[in-house]
Amino acid sequence: MTKQRRSTIQSQPQQMTAIAAYYLAERRGFSPGQKLEDWLRAEGEIESRLQSGLPSSSG
C-alpha cells in the first residue's frame, strides 16, 4: 500500500466525522457553544458504525 493510499484511508473517518458533526449542528439550528459536543458525538457514532461494519448515515 502506498503512503498516499494509507493517508487517504486514515482521513476517511475524520471526513465522515466532520460531515456527521455538521448534520448534528444543523439539526439543533447551529446554536453556538456546542461544536465540541457535536464533534465528539459524531466521532463516537462513526467509530461505532465502522467497528460494527454498518454504513454511516449523514443527515
Side-chain angles (χ1 to χ4, degrees):
M1 187 178 309
T2 67
K3 185 176 181 178
Q4 181 180 9
R5 174 104 171 111
R6 263 182 276 156
S7 176
T8 300
I9 290 170
Q10 290 170 346
S11 71
Q12 286 175 345
Q14 185 174 9
Q15 291 171 347
M16 293 165 64
T17 299
I19 292 167
Y22 172 87
Y23 284 113
L24 288 170
E26 180 183 50
R27 278 187 225 137
R28 61 175 180 73
F30 296 106
S31 58
Q34 295 179 311
K35 189 175 180 178
L36 179 60
E37 290 83 0
D38 290 340
W39 183 269
L40 294 175
R41 181 175 168 199
E43 191 173 54
E45 290 175 5
I46 296 301
E47 286 177 7
S48 177
R49 288 178 181 274
L50 290 174
Q51 288 175 359
S52 68
L54 296 174
S56 67
S57 61
S58 299

Sub-4.5 Å side-chain heavy-atom contact between Tyr22 and Trp39 | no
Pairs satisfying salt bridge (Lys or Arg N to Asp or Glu O under 4.0 Å), at least one member in residues 32-43, at least two apart | Arg28-Asp38, Arg41-Glu45
Please test Gln14 against Ile46 for side chain to side chain contact (heavy atoms under 4.5 Å, CB included), starting from the C-alpha separation and ending with a verdict.
-> CA-CA 9 Å; Gln14 185 174 9; Ile46 296 301; over 6 Å; no
Is there side-chain contact between Gln34 and Leu24, with heavy atoms separated by less than 4.5 Å?
-> no
Any donor-acceptor pair under 3.5 Å linking the side chain of Ser52 with the backbone of Ser48?
-> yes
Please name the pair of heavy atoms, one in Ala21 and one in Ala42, separated by the smallest distance, quoted to 0.1 Å.
-> N-CB, 3.5 Å
